[in-house]
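Report on one structure; see the data block that follows.
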Number of protein chains: 2
Amino acid sequence: MRLPTLRQLQYFMAVADTLSFSRAAETCHITQPSLSLALNELEDLLGEKLFHRGTRKIELSEVGKDLIPLARSIIEQSENLVRMATRHRAPLTAQLSLGIIPTIAPYLLPHLLPALQSSYPSLDLQLKEDITSRQLDALKAGQIDVVLMALPFDTPQMEQMMLWKEPFFLARTGDQKSATAEVTLDDLKNETILLLDDGHCLRDHILSACRLAASSANRKTLGATSLQTLIQMVQNGYGSTLLPAMAIDPHQMPKGITIQRFTNPQPTRQIGLVWRKDDPRVAEFRLLGEFIAKTRH
Amino acid sequence: MRLPTLRQLQYFMAVADTLSFSRAAETCHITQPSLSLALNELEDLLGEKLFHRGTRKIELSEVGKDLIPLARSIIEQSENLVRMATRHRAPLTAQLSLGIIPTIAPYLLPHLLPALQSSYPSLDLQLKEDITSRQLDALKAGQIDVVLMALPFDTPQMEQMMLWKEPFFLARTGDQKSATAEVTLDDLKNETILLLDDGHCLRDHILSACRLAASSANRKTLGATSLQTLIQMVQNGYGSTLLPAMAIDPHQMPKGITIQRFTNPQPTRQIGLVWRKDDPRVAEFRLLGEFIAKTRH
DNA sequence: ATTATTTATAGTTTTTACCTATAAATGTCA
DNA sequence: TGACATTTATAGGTAAAAACTATAAATAAT
């Protein structure tokens, strides 16, 4: 039996996704005529049209709708076959692309990268810093392999590995008076709480950890996309904020800021590693997770 | 991510099956150097050797063993994708290859083929007559689509459709004395029962239907591979045999043979259609089954 | 009618896949 | 041990497939 090529199936998927030959050709890095020809060949092979072509709009035929899920699954499994081949090598010695969210990256990477480099010198790590939702999109599309992010977060078709839990601290304007000063969640009612831009999960985690309404009067969303900026806003008296433990360096506390511990139950966020459920490199990912947890300081 | 081609996976499977590059090349209808190159490319892509090559013997590497099942499944699913495309067409209008066992074919086909031709004129039917075990091998290998055979029979990974049950009759030497003469299974103890060659399921079905031991003294296995030959043996006085109902034409009874009905419970065999569980054309196969059952006379 | 947008077709070039011929490796047998 | 048989690897050439550029054709929007 004559089989289609995987490339044809990829083109088929791309057109189904974009509903346009030209745009599909772009995402496949070929020209539109090439893609047109390839798809015609596939349709000839199957003996059925996969798309109804109007000059200005394309839509999936019945047969096309029927075949798309299987085509997807065949491509995914082929990708997994390639990934599987690395499974018998020593773990963490090949390519690996890791996504990290911006509220973790600057605090963890300075410790993590040298440690990884010395323990796994032949690991070829590719880093990508972005907000959680875009990391998960990239993960699903197979553009990255694992994401280091804050949980809980709904991650369909992904496997989560919880690494550790870390408390939030309250950061207020003013110099540190007493290292032992504690504060309760109720005290926040009288504070202006500064938050990161929408899209940053830290924002949501702080809101839910403190049971604050997203629209309550005493919180301010900033254009700030980094915690560093946020801290400077606090220093300059614009309000207070909650900082995750890893963002606080006890040896180098910034001037003009008071850090206060919360009384129990402390608000916390969890740090975890996430990967595709069907990725065959689970063992390698777990090892990475353990390594990150071990070397986080 | 760079993917292997389906062709490379097929070559990989062929070598894993034959454990020889040369023989694999033959089954793939290419030359050995081409296959060698293709496999080297695949190994380069995966970054792992799939086989340990001695000059005189080849064996799967650990990675190879690991990847073979997935490679198989990817190829199978690709085949199913092609089959699936026919599902939206009018059923029984495309190619279909049907296996039939020798104890059914000559009695059923004369009725079936003209009927199929007139009801489904554009059906392109490919027939293959062979014994059950080889039909099932061909079915599993995807060389044929459905098999019309006698049940019960263990058919792993296949779906069975029971069509009808038919009784066996006793065929004895001598002219027909009375059309209503009946016989019991116990009467067989005094008969020499002639059987078809080993491999024919009719043989096993008769033995089990009559609860005869395969090695009992009063049965004879003949080199005969067709029921016609067997009937002639009976005519010439070599013994008796059991004939399935479809082998008996009441209008044209051969000379020198007595056909006798068994008393209840009659020994019977079942006729059924069998196909691969994962074949997407179930609906089409069921339709064919119903058609065969309807037009069996 | 003119323009812009999109897919299809034609002709050319590049890449891939395959073939033949032959080398290299090694087990077999005189 | 040396000649032979068997099997995979390599080299070089050829044919087929897949890509590109240029352009046509169709039609929706202006």
Side-chain angles (χ1 to χ4, degrees), chain A residues 1-61 63-65 68 71 74-75 78 82, chain B residues 1-61 63-65 68 71 74-75 78 82:
Chain A
M1 174 189 284
R2 194 170 164 70
L3 295 183
T5 67
L6 288 181
R7 207 171 305 192
Q8 286 170 334
L9 296 186
Q10 286 179 310
Y11 296 166
F12 172 37
M13 273 175 49
V15 177
D17 285 341
T18 59
L19 291 180
S20 149
F21 279 51
S22 333
R23 263 170 292 151
E26 234 173 281
T27 65
C28 295
H29 307 108
I30 55 168
T31 57
Q32 168 268 316
S34 301
L35 184 132
S36 261
L37 282 189
L39 265 181
N40 282 335
E41 255 175 48
L42 178 58
E43 288 177 327
D44 282 355
L45 179 94
L46 298 175
E48 294 284 336
K49 288 285 168 198
L50 296 170
F51 299 96
H52 296 304
R53 296 150 165 86
T55 9
R56 215 155 188 88
K57 77 158 174 269
I58 299 281
E59 59 180 7
L60 273 170
S61 70
V63 183
K65 277 184 210 151
I68 268 292
I74 290 171
I75 296 293
S78 306
V82 178
Chain B
M1 176 188 285
R2 193 170 165 71
L3 295 184
T5 67
L6 288 182
R7 207 170 305 189
Q8 286 169 334
L9 296 187
Q10 285 178 311
Y11 296 167
F12 171 36
M13 274 175 50
V15 176
D17 285 342
T18 59
L19 291 181
S20 149
F21 278 52
S22 332
R23 263 170 292 150
E26 235 173 279
T27 64
C28 294
H29 307 106
I30 57 169
T31 58
Q32 168 267 316
S34 301
L35 184 132
S36 261
L37 282 189
L39 264 182
N40 282 335
E41 255 175 48
L42 178 58
E43 289 178 327
D44 282 355
L45 180 91
L46 298 176
E48 296 283 334
K49 289 285 167 200
L50 295 170
F51 299 97
H52 297 304
R53 294 147 164 89
T55 6
R56 213 155 191 87
K57 76 158 175 270
I58 298 282
E59 60 180 5
L60 273 170
S61 69
V63 182
K65 278 184 210 150
I68 268 292
I74 290 171
I75 297 294
S78 306
V82 177

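On a predicted model such as this, the values are computed, not experimentally measured, just so you know. A, B, ... follow the sequence lines: proteins, then strands. Residue 1 opens every chain.
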Taking only distance into account, with no hydrogens and no angle test, what donor-acceptor pairs under 3.5 Å do side-chain atoms of residues 3-13 of chain B form with protein atoms, sequence neighbours excluded?
residue: B:Thr5; atom: OG1; partner: B:Gln8; partner atom: N; Å: 3.0
residue: B:Gln8; atom: OE1; partner: B:Thr5; partner atom: N; Å: 2.9

Could you give the [atom1]-to-[atom2] distance, from [X] to [N], as a whole number of Å?
X       : N      : atom1 : atom2 : value
A:Phe21 : D:dA24 : CZ    : C1'   : 17 Å
A:Lys57 : D:dT27 : NZ    : C1'   : 12 Å
B:Ile58 : D:dT6  : CD1   : P     : 17 Å
A:Leu9  : D:dA18 : CG    : P     : 13 Å
B:Leu19 : D:dT6  : CG    : C1'   : 16 Å
A:His52 : D:dA26 : NE2   : P     : 21 Å
B:Glu59 : D:dT8  : CD    : C1'   : 15 Å
B:Gln32 : D:dA11 : CD    : P     : 14 Å

Taking all atoms of both residues into account, what is the closest heavy-atom pair of A:Met1 and B:Val82, and its distance? SD-CB, 4.1 Å
Grab the two heavy atoms, one from B:Leu19 and one from B:Leu60, that are nearest each other, plus how far apart they are. CD2-N, 4.5 Å
Below the 4.0 Å mark, does [N] have OP1 or OP2 next to a side-chain nitrogen or oxygen of [X]?
X       : N      : answer
A:Ser22 : C:dT7  : yes
A:Arg7  : D:dA19 : yes
B:Arg53 : D:dT7  : no
B:Thr31 : C:dC18 : no

Measure all distances between protein nitrogen or oxygen atoms and nitrogen or oxygen atoms of nucleotides 26-29 of chain C, and list the pairs falling under 3.5 Å.
residue: C:dT26; atom: O4'; partner: B:Thr55; partner atom: OG1; Å: 3.1

Rounded at 0.5 Å granularity, tell me how far [atom1] in [X] sits from [atom2] in [Y].
X       : Y       : atom1 : atom2 : result
A:Leu37 : A:Leu42 : CG    : CG    : 12.5 Å
B:Ile74 : A:Ile75 : CD1   : CD1   : 9.0 Å
A:Arg23 : A:Leu35 : CZ    : CG    : 12.5 Å

Say whether, by atom type as modelled, one donor and one acceptor occur between the side chain of [X] and the main chain of [Y] under 3.5 angstrom.
X       : Y       : result
A:Gln32 : A:Ala25 : no
B:Glu43 : B:Leu50 : yes
A:Ser61 : A:Lys49 : yes

Counting only non-hydrogen atoms, which of residues 33-48 of chain B are less than 4.0 Å from DNA chain C? B:Pro33, B:Ser34, B:Glu41
NA contact type, A:Tyr11, heavy-atom cut-off 4.0 Å: base, sugar-phosphate, or nothing? sugar-phosphate
